[in-house]
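Basis for what follows: all heavy atoms, side chains included, without hydrogens, waters or symmetry-related copies.
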Amino acid sequence: MKEILLDYDKCNGCMACAQACAAEHSESKTIVGAILEGVRPRIFVQSVDGKPFPIICRHCEDAPCVDACMAGAMQKDPETGVVTNEGHAEACVGCWMCIMACPYGAVDRDYRSNTALKCDRCPEREIPACVASCPNNALFYTDVNVYADARRTAEGRRLLAIG
Amino acid sequence: MRYLIIGSSAAGIKAAETLRGLDREASITVLSEENEPPYSRCLLPEYLSGKKSREELTFRAGNFFKDNNIETMLGERAVYVDPAGQEVILESGEAVGYDKLLVATGASSTCPPLPGIDKVGFTGIRNLDDADLILNRCRSGNKAVVIGGGFVGLETAYALNRRGLDVAVVELAPHILALQFDATAAEILANDMKQSGIKIYAGTATRELRPPEGLGRLGSEAENTVVLDDGTELKAHLVLTCTGTKPNVELLVGTGAEINRGIVVNEYMETTVPNIYAAGDACESTDLVSGEKGLTPIWPNAVIQGKTAAYNMAGRPRKVSPLLGLQNAVEFREVPAIAAGLSTSGPQDGLEILTVHQPTRGIYRKIVLEENVIKGMIFVGNIQNAGVIAALIRKQADVSKIKDKLLDYSFNYGYLWPGMVKKELEEMEAEAV
């Protein structure tokens, strides 16, 4: 199962991911349109002592936001692993239990609809908009196992090269 | 294996769903007094206000039971458990056998001993029948008085207000939401509610409830009178009492199960009787902050307990970590608020209190610490990252290094573990190996 992974050292806080996210979730699918429509990004580029720190949902295996949702709106798709409060028969009512439950602060409020706002991993795209837009390769979309293998291989090559 | 679950709300449904995930073959039966598909009690205000229809109150897809191959006995009332014979006896006389039993019977509204309540009639809000009764009464007039300014009372008041009723709330404590919010937070929330025309009488006892008298009894416009301690008389077609609940423990009385206020369970959600488990509002478990046994009557806790009970019932031992008994999120009109743990404490309790208060922006944030460990929090107006603080309460982590940052609006998860990201990736890799 693919995940959005982050290499924080490579992030320079350019906000391209946030803009791409808002654009993707707007009607017009453009950055300007997103601003005019008041669409907020679902990836939060915050900072830690001045260093950029993007925060995005990890789509937890045993997601606290899903357990907390008293409307049944927040669900984890068993096939894709995506956790979202959108697109289900059970509608989000904006009770904010999920905001209280999320230890990462990855859920925000959508002021337009007064519902919870979070990453839905761009269901219409093969690669999520934030990942596709990142000019620094800080964000990548991959299977954790594949990523781990690649890292190990790279590390192995490095060691061999030195050796 | 025969699993029997009594109760079809948060804990019961989560347990049934989890059991089915763990065991494709077992017989799973959900028994409930209410002859309804699973619906969320927390959504009843949305039903009262007219925002959601009856059908929209479900928190699982309409064919949940069928899809999960779960048998149902709805509209059936369990009256007695025979732990020796491993049977539950129904009101109809029928006996239902079980190998593992989960008691997720929830709680009921309590009726306060208010003078005259017997004459006016007690109306609480706990289930769909209550809601239907209230909606029916709404037809006879548009004035409502809600006695009790806790979460349930205020959510109900706001729902009736949105429905177009003239609503007053009477609260005995000095301010609304006294169990979870301090006076400063309550003032912001009360002002927000008043914007919508709701009247709030706090710090006021209800002296008497009087039914319509004389000619006032006649016709559809009959008004009750709610007399407050200072002599104020409020007229109401509808008097609602939202002053608290009590756990439904009766089913296990006489079985030998230990019962305090709620059914006592251990960290495996087992009662003191073999093969009987309890979860949700009916049970009592260890509170994270106080370390004492207590009720933990909120939806997220019920779900976690139901899930944990299911694992243990299925023979997969799993402990529930201590839960935050007091935690709640709310938004009545347009001010969101979250409170958790020892949120109402002050310096007089020997605790360290950090606050930021911006009255003009309707923002208030408070963090309660004991020896650098967060014990409670209140976020009003701006609730972003409230979950990060709540998680620190759950972890009972030492926050001395970040204490000065906790109340910053820019405080975020990234401050918790510097260099955390690399470590996390390494951990993920380690897991993947």
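Side-chain contact between Glu331(B) and Trp96(A) is present, with at least one heavy-atom pair separated by less than 4.5 Å. Residues Gln384(B) and Gln46(A) have side chains in contact (heavy-atom distance under 4.5 Å, counting atoms from C-beta outward). You'll find the side chain of Glu56(B) stays beyond 4.5 Å of the side chain of Glu90(A), heavy atoms only. For the pair Arg109(A)/Pro336(B), a side-chain contact is recorded, criterion being any heavy-atom separation below 4.5 Å from C-beta on.
In this structure, chain B has heavy atoms under 4.5 Å from both the backbone and the side chain of Ala71(A). Both the backbone and the side chain of Asn328(B) come within less than 4.5 Å of a heavy atom of chain A. For Ile383(B), the parts lying under 4.5 angstrom from a heavy atom of chain A are both the backbone and the side chain. Only the side chain of Ile55(A) comes within less than 4.5 Å of a heavy atom of chain B; its backbone N, CA, C and O stay farther away. Only the side chain of Asp108(A) comes within less than 4.5 Å of a heavy atom in chain B; its backbone stays farther off. Of the atoms belonging to Ala10(B), not a single heavy atom falls under 4.5 Å from chain A. Only the side chain of Arg394(B) comes within contact range of chain A, with at least one heavy atom under 4.5 Å from a heavy atom of that chain. In this structure, chain B has no heavy atom under 4.5 Å from any part of Cys65(A). Both the backbone and the side chain of Val388(B) come within contact range of chain A, each with at least one heavy atom under 4.5 Å from a heavy atom of that chain. For chain A, the nearby part of Phe411(B) is the backbone; its heavy atoms alone come within less than 4.5 Å. In this structure, the portions of Ala91(A) lying under 4.5 Å from any heavy atom of chain B include both its backbone and its side chain.
Listed options Pro38(B), Ala337(B), Ala391(B), Cys42(B) were ranked by heavy-atom pairs under 4.5 angstrom with chain A; first place goes to Cys42(B). Between chain A and the options Leu57(B), Asn412(B), Val330(B), heavy-atom pairs under 4.5 Å are most frequent for Asn412(B). Between chain B and the residues Ser47(A), Ala73(A), Ala101(A), the most heavy-atom pairs under 4.5 angstrom are made by Ser47(A). When each of Lys14(B), Glu46(B), Glu155(B) is checked for heavy-atom pairs under 4.5 Å with chain A, Glu46(B) comes out on top.
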CA sep, side-chain torsions, deciding dist, call: Val93(A), Lys52(B), side chain to side chain contact (heavy atoms under 4.5 Å, CB included): CA-CA 10 Å; Val93(A) 296; Lys52(B) 279 195 186 254; 3.1 Å; yes
Could you go through the side chain to side chain contact (heavy atoms under 4.5 Å, CB included) check for Tyr413(B) and Phe53(A) one step at a time? CA-CA 9 Å; Tyr413(B) 171 72; Phe53(A) 193 95; 4.0 Å; yes
Stepwise, does the side chain to side chain donor-acceptor pair (under 3.5 Å) test hold for Asn114(A) with Glu334(B)? CA-CA 9 Å; Asn114(A) 215 33; Glu334(B) 58 180 35; over 6 Å; no
Could you go step by step and tell me if Met377(B) and Met100(A) meet the side chain to side chain contact (heavy atoms under 4.5 Å, CB included) rule? CA-CA 11 Å; Met377(B) 66 174 289; Met100(A) 180 176 79; over 6 Å; no
Check against salt bridge (Lys or Arg N to Asp or Glu O under 4.0 Å), Asp49(A) and Lys401(B): CA-CA 13 Å; Asp49(A) 294 328; Lys401(B) 283 185 187 151; over 6 Å; no
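Annotation for Met97(A) and Pro300(B): closest pair SD-CG, 4.0 Å, computed over non-hydrogen atoms. Nearest approach of Asn385(B) to Tyr104(A), heavy atoms of both residues: OD1-O, 4.2 Å.
Between atom CG of residue Leu43(B) and atom SG of residue Cys95(A) there is a gap of 8.0 Å, rounded to the nearest 0.5 Å.
Heavy-atom contacts from other residues, nucleotides or ligands closer than 6.0 Å to NZ of Lys29(A) number more than 12.
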